[in-house]
Amino acid sequence: MTSLGDLPLRDDLRGREPYGAPQLDVPCALNTNENPYPPSERLVKALGEAVMDVAGTLNRYPDRDVLALRDDLAAFLNADTPGAGLTTGHVWAANGSNEIIQQILQAFGGTGRTALGFEPSYSMHPIITGVSGTRWVNAFRDEDFGIDPARAIAAVAEHRPDIVFLTSPNNPTGTALPLPAIEAVLDVAPGMVVVDEAYAEFRREETPSALTLLDGHPRLIVTRTMSKAFAMAGTRLGYLAADPAVVEALLLVRLPYHLSAVTQAVARTALAHGEELLGGVEALRRERDDLVAWLRGEGLRVADSDANFVLFGTFPDRRRVWEALLARGVLIREVGPPEWLRVSVGTPAEMAAFRTALKEALEESL
Ligand SMILES: *Cc1c(COP(=O)(O)O)cnc(C)c1O
């Protein structure tokens, strides 16, 4: 039997663990922030027809530059954020925003370069950074999981990173960043600034999108995904908006024909049914606000959330609470600061199951 240690693996990959949120078959999966509502029968039919339409051309490579889909995505963003003024040239798409982030690291990071983020935040930022050979620097978030502009400026001035990651709303805390904090970083950052807006569609009324800052900031990249609010995690479609020069840079590192014809067709069909797919977002936001209030009512600490998940605690032994929930068929996520847990917002039935299970789990661990 050959073990991993026997292979001539890169030294910097030795001892690493693969990304691994547990994928378990449970009645109540509230651990990866997906939209709980599956596509309607009508949409399933439309998706099937779209795949049929391209099936007869699968002997050919797909559109390498993904123009039609980028056109649709630009239109979607312009509707989402009035005044954004985005064209096809401002938008780029890939297999999930994780591939977008990987391409950003390939183009702007690498050996001898540095990326900086503010943890606790999305675990894939440091992982993709490390795998690309880029050095990772963590600047910590504040006690309330926000980012104080003065401290952010100091961290950027100290480390002079080639890439800064700002996640808003942040995963796993749900914390959104006010625009002045993002502008403060843009003003001092010597390199690229990536605002990961995977959960943007869930943000509260008063929370703006960094898309409004693109004009005049050619080093700003805003990433989005169809995996969360758009209820298309299985499609693997992430995208970005940035100055067209940034898209030109990413063309240098993308693999030819990276986005399959099937993915492009499915994503375009989903966008054409955007109203239906995003139809559940309002209900999920209300469910989230109710969940935050309920958890606080139970005497727990809860981070304010602009996303479709909630970080709550604190538990001296969070593993025990996580296990007690799993024993009741409710899978949540052990992530973030050591004494906290994260739960995704599901259907009303799933939330009821979570509340019952958590009450029992907390009584049990008394
Ligand atoms: C879920 C998530 C992503 C999405 O990744 P995809 O590859 O698009 O599925 C990106 N950023 C953050 C912060 C996330 O939580």
Side-chain angles (χ1 to χ4, degrees), residues 21 26-44 76-77 79-81 96-97 122 145 167-177 196-209 211 223-239 267 270-271 273-298 300 302-312 325 329-333 335-336 340-358:
V26 290
C28 229
L30 301 172
N31 67 328
T32 46
N33 302 341
E34 294 137 322
N35 187 320
Y37 297 106
S40 69
E41 226 168 286
R42 197 174 70 102
L43 179 52
V44 167
F76 169 73
L77 289 178
D80 171 274
T81 304
S97 46
Y122 186 44
F145 305 126
T167 313
S168 180
N170 185 46
N171 177 11
T173 65
T175 321
L177 287 178
D196 184 334
E197 290 195 347
Y199 301 95
E201 295 90 347
F202 294 110
R203 68 193 190 272
R204 289 176 288 183
E205 283 319 328
E206 65 279 10
T207 307
S209 162
L211 288 174
T223 65
R224 295 275 188 111
T225 180
M226 292 180 76
S227 298
K228 306 289 162 55
F230 234 98
M232 280 278 134
T235 301
R236 306 305 300 129
L237 200 288
Y239 56 106
L271 280 163
H273 292 75
E275 214 160 304
E276 172 190 327
L277 282 167
L278 294 170
V281 167
E282 204 33 63
L284 289 167
R285 290 159 88 195
R286 269 198 308 274
E287 198 72 53
R288 166 199 64 208
D289 294 340
D290 290 351
L291 177 63
V292 169
W294 181 80
L295 288 165
R296 285 185 179 147
E298 293 297 306
L300 293 163
V302 187
D304 281 331
S305 177
D306 272 272
N308 64 333
F309 54 83
V310 174
L311 190 74
F312 65 101
L325 286 167
V330 179
L331 175 61
I332 66 168
R333 191 78 187 273
V335 68
W340 298 71
L341 290 165
R342 190 193 72 191
V343 60
S344 310
V345 177
T347 62
E350 288 171 327
M351 289 292 93
F354 166 74
R355 285 188 248 255
T356 305
L358 183 64

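For the numbers below, each heavy atom of this structure counts, side chains included, while hydrogens, waters and symmetry mates do not. Position 1 is the first residue of the sequence; numbering continues from there.
With contacts defined as side-chain heavy-atom distances shorter than 4.5 Å, the pair P348/E287 qualifies. Looking at M351 and L30, their side chains come closer than 4.5 Å, going by heavy atoms from C-beta outward. With contacts defined as side-chain heavy-atom distances shorter than 4.5 Å, the pair L311/T175 does not qualify. Put simply, the side chain of L325 reaches to within 4.5 Å of the side chain of F354, judged on heavy atoms. For the pair L358 and V343, the minimum side-chain heavy-atom distance is 4.5 Å or more. Counting only heavy atoms from C-beta outward, the side chains of V302 and V310 approach each other to under 4.5 Å. Contact annotation: the side chain of V330 never approaches that of V26 to less than 4.5 Å [non-hydrogen atoms, C-beta and beyond].
Considering all non-hydrogen atoms of both residues, E201 and A229 come closest at CB-CB, 3.5 Å. Scanning both residues, G174 and P169, for their nearest heavy atoms gives O-CB, 3.8 Å. When all heavy atoms of G329 and P27 are compared, the closest pair comes out as O-CD, 3.5 Å. Closest approach of K228 and T225 over heavy atoms only: CG-CG2, 3.9 Å. Residue R204 comes nearest to S305 through the heavy atom pair NE-O, 3.8 Å, listed as atom of the first residue, atom of the second, then distance. For the residue pair R342 and N31, the shortest heavy atom distance occurs at NH2-O, 2.7 Å.
Defined by atom type and a distance below 3.5 Å, a donor-acceptor pair is missing between the side-chain atoms of N33 and R333.
Here the options are L237, T235, N35, L277, the test is side-chain contact (heavy atoms from CB on, under 4.5 Å), and the partner is M226; only L237 passes.
Taking CG from L43 and CD from E276, the interatomic distance works out to 5.0 Å, rounded to the nearest 0.5 Å. Here the straight-line distance linking atom CH2 of W340 with atom OG1 of T173 works out to 9.5 Å at 0.5 Å rounding. Note that OH of Y122 is 7.0 Å distant from OH of Y199, once rounded to the nearest 0.5 Å. Rounding to the nearest 0.5 Å places CG of D306 at 11.0 Å from CD of E197. For the atom pair S344 OG and I332 CD1, the distance stands at 9.0 Å (nearest 0.5 Å).
The neighbour count for E275 CD, taken as heavy atoms of other residues, nucleotides or ligands under 6.0 Å away, does not exceed 12. Within 6.0 Å of CD in E41 there are 12 or fewer heavy atoms belonging to other residues, nucleotides or ligands.
By the side chain to side chain contact (heavy atoms under 4.5 Å, CB included) test, T347 pairs with P36, Y37, A349, E350, sequence neighbours left out.
Between F309 and F202, the distance from one ring center to the other does not fall under 6.0 angstrom. The distance between the ring centers of F76 and F230 falls below 6.0 angstrom.
In summary, R355 and E298 do not engage in a salt bridge, as defined by a charged side-chain N under 4.0 Å from a carboxylate O.
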